[in-house]
Amino acid sequence: MNVQIYLAKPEDLERILELQASSLKLLASQEYNARQIESLIRSQKSARSEYKEIVFVAYFHSKLVGFASLSVYTSTIHAIFVHPDFKRLGIGKRLLETMEHTAIEKEYRTLYVMSSLTAVNFYRAMGYKKTHKSGFWSEGKTWIPCVNMQKQLIPLTPREKWTWRIIFFIICLVVVVRLLRG
């Protein structure tokens with residue numbers, strides 16, 4: 001499949017929002033109820049506009065088939081969505097790999113994502129590890145459960161590993177001394 005990935009342009013926003021809405025309605029309906037999905041759809045236009053994001057779009061011929069966004073300021077994935085008619089064709093994987101390459105260029109060691117329940121297995125298959133359950137209030141009143149995940153992109157150097165081990169040892173030593181002092 002000849003899918004092209006580009007940096008998004010402002011004129012892509014409406015198509016991105018349409019794709020996200022259709023994807024949420026069809027793909028997330030097993031993990032989220034109708035109220036949660038509708039709340040997410042309503043809140044996305046402002047979210048896509050407010051976040052400072054690097055957005056990649058995937059086109060097959062002239063049809064938008066996916067998009068992904070990465071925070072400009074932090075090593076956080078904001079979204080990956082693939083059109084329901086194009087799921088399981090490797091588009092999400094290519095979008096994620098594009099974001100990972102961009103993150104490495106920005107010298108981010110670790111990439112973080114607050115994954116929807118729907119996407120946890122996708123991220124796990126791509127090497128992300130679950131850190132904890134979380135969520136957020138969509139439109140201030142609808143709870144959206146999620147799972148926080150991360151992936152180490154740039155491994156620590158041997159020197160950095162030793163530094164962290166020494167810091168950990170010192171912290172443990174301080175805790176033990178405080179416990180012994182009562």
Side-chain angles (χ1 to χ4, degrees), residues 1-49 51 53-71 75-104 110-136 138-139 142-153:
M1 174 173 263
N2 189 17
V3 172
Q4 301 298 313
I5 297 178
Y6 308 102
L7 278 172
K9 298 175 185 158
E11 56 268 22
D12 290 319
L13 181 60
E14 285 306 315
R15 283 191 249 175
I16 286 170
L17 293 171
E18 290 170 13
L19 182 146
Q20 188 170 12
S22 63
S23 182
L24 284 166
K25 287 177 183 175
L26 293 173
L27 301 177
S29 61
Q30 293 177 353
E31 287 83 8
Y32 298 103
N33 63 42
R35 191 177 98 235
Q36 290 169 315
I37 291 170
E38 287 305 315
S39 177
L40 283 169
I41 291 169
R42 284 191 305 271
S43 68
Q44 288 311 298
K45 185 169 187 172
S46 62
R48 293 273 78 81
S49 302
Y51 291 145
E53 302 176 313
I54 300 167
V55 181
F56 296 97
V57 289
Y59 277 92
F60 179 63
H61 299 292
S62 61
K63 180 178 177 68
L64 178 70
V65 295
F67 80 93
S69 66
L70 177 68
S71 171
S75 58
T76 304
I77 296 169
H78 285 172
I80 296 179
F81 283 89
V82 174
H83 190 283
D85 293 342
F86 291 84
K87 67 181 182 178
R88 300 199 187 283
L89 297 175
I91 297 167
K93 177 181 178 181
R94 287 197 45 213
L95 285 164
L96 181 57
E97 288 170 345
T98 300
M99 283 197 304
E100 289 176 353
H101 289 301
T102 301
I104 289 169
T110 305
L111 200 52
Y112 302 92
V113 64
M114 182 187 288
S115 173
S116 69
L117 301 178
T118 309
V120 168
N121 288 335
F122 165 73
Y123 285 110
R124 188 176 292 129
M126 295 297 295
Y128 287 74
K129 306 230 182 303
K130 175 182 169 181
T131 58
H132 61 278
K133 292 181 181 180
S134 66
F136 63 96
S138 176
E139 299 183 319
T142 304
W143 181 250
I144 309 296
C146 298
V147 174
N148 283 33
M149 303 179 83
Q150 68 182 41
K151 180 178 182 180
Q152 190 79 34
L153 299 176

query = What class does the angle between the rings of Tyr123 and Tyr128 fall in, given that below 30° is parallel, 30 to 60° is tilted and above 60° is perpendicular?
reply = perpendicular
For Leu96, the option from Ile80, Val113, Ile91 that meets side-chain contact (heavy atoms from CB on, under 4.5 Å) = Ile80
Decide yes or no for [X] and [Y]: does some side-chain heavy atom of the first lie under 4.5 Å from some side-chain heavy atom of the second?
{"X": "Arg124", "Y": "Asn121", "result": "yes"}
{"X": "Leu7", "Y": "Val55", "result": "no"}
{"X": "Phe136", "Y": "Met114", "result": "yes"}
{"X": "Phe86", "Y": "Phe60", "result": "yes"}
{"X": "Arg35", "Y": "Thr142", "result": "yes"}
{"X": "Val57", "Y": "Ile5", "result": "no"}

Could you tell me whether a side-chain N or O of [X] sits under 3.5 Å from a main-chain N or O of [Y], the two making a donor and an acceptor?
{"X": "Tyr32", "Y": "Leu117", "answer": "yes"}
{"X": "Lys151", "Y": "Met126", "answer": "yes"}
{"X": "Arg94", "Y": "Gln4", "answer": "no"}
{"X": "Glu31", "Y": "Ser116", "answer": "no"}
{"X": "His61", "Y": "Lys63", "answer": "no"}
{"X": "Ser75", "Y": "Thr110", "answer": "yes"}
{"X": "Gln44", "Y": "Leu40", "answer": "yes"}
{"X": "Ser23", "Y": "Leu19", "answer": "no"}

Any chance the side chains of [X] and [Y] put a donor and an acceptor closer than 3.5 Å?
{"X": "Thr76", "Y": "Ser71", "answer": "no"}
{"X": "Asn2", "Y": "Tyr59", "answer": "no"}
{"X": "Glu139", "Y": "Ser39", "answer": "yes"}

request  = Would you indicate whether Glu11, at its atom CD, is surrounded by more than 12 heavy atoms from other residues, nucleotides or ligands within a distance under 6.0 Å?
outcome  = yes
query = Are more than 12 heavy atoms from other residues, nucleotides or ligands located less than 6.0 Å from atom NZ of Lys93?
reply = no
Mind checking the [atom1]-[atom2] spacing from [X] to [Y]? Nearest 0.5 Å is all I need.
{"X": "Leu111", "Y": "Met99", "atom1": "CG", "atom2": "CE", "answer": "6.5 Å"}
{"X": "His78", "Y": "Ile54", "atom1": "NE2", "atom2": "CD1", "answer": "10.0 Å"}
{"X": "Phe81", "Y": "Lys87", "atom1": "CZ", "atom2": "NZ", "answer": "14.0 Å"}
{"X": "Lys25", "Y": "Ile37", "atom1": "NZ", "atom2": "CD1", "answer": "9.5 Å"}

key: Verdict with reasoning, Gln20 to Ile41, per side chain to side chain contact (heavy atoms under 4.5 Å, CB included)   = CA-CA 8 Å; Gln20 188 170 12; Ile41 291 169; over 6 Å; no
Taking every non-hydrogen atom, the tightest pair across Lys133 and Lys130 = CE-NZ, 3.8 Å
note = Nearest heavy-atom contact between Val82 and Gly92 is CG2-N, 3.6 Å
ask   = Do Ser138 and Ser43 pass the side chain to side chain contact (heavy atoms under 4.5 Å, CB included) test, and can you show the C-alpha distance, the side-chain angles, and the key distance before you say yes or no?
value = CA-CA 7 Å; Ser138 176; Ser43 68; 3.5 Å; yes
task = Begin with the C-alpha distance, continue with both residues' side-chain angles, and end with the deciding distance and a verdict on side chain to side chain contact (heavy atoms under 4.5 Å, CB included) for Asp12 and Leu64.
result = CA-CA 9 Å; Asp12 290 319; Leu64 178 70; 5.7 Å; no
Derivation and outcome, side chain to side chain contact (heavy atoms under 4.5 Å, CB included), residues Leu70 and Glu53 = CA-CA 5 Å; Leu70 177 68; Glu53 302 176 313; over 6 Å; no
task = Before giving the answer on side-chain hydrogen bond (donor to acceptor under 3.5 Å, both in side chains), spell out for Asn148 and Ser134 the whole-Å C-alpha distance, their side-chain angles and the decisive distance to 0.1 Å.
result = CA-CA 6 Å; Asn148 283 33; Ser134 66; 2.3 Å; yes
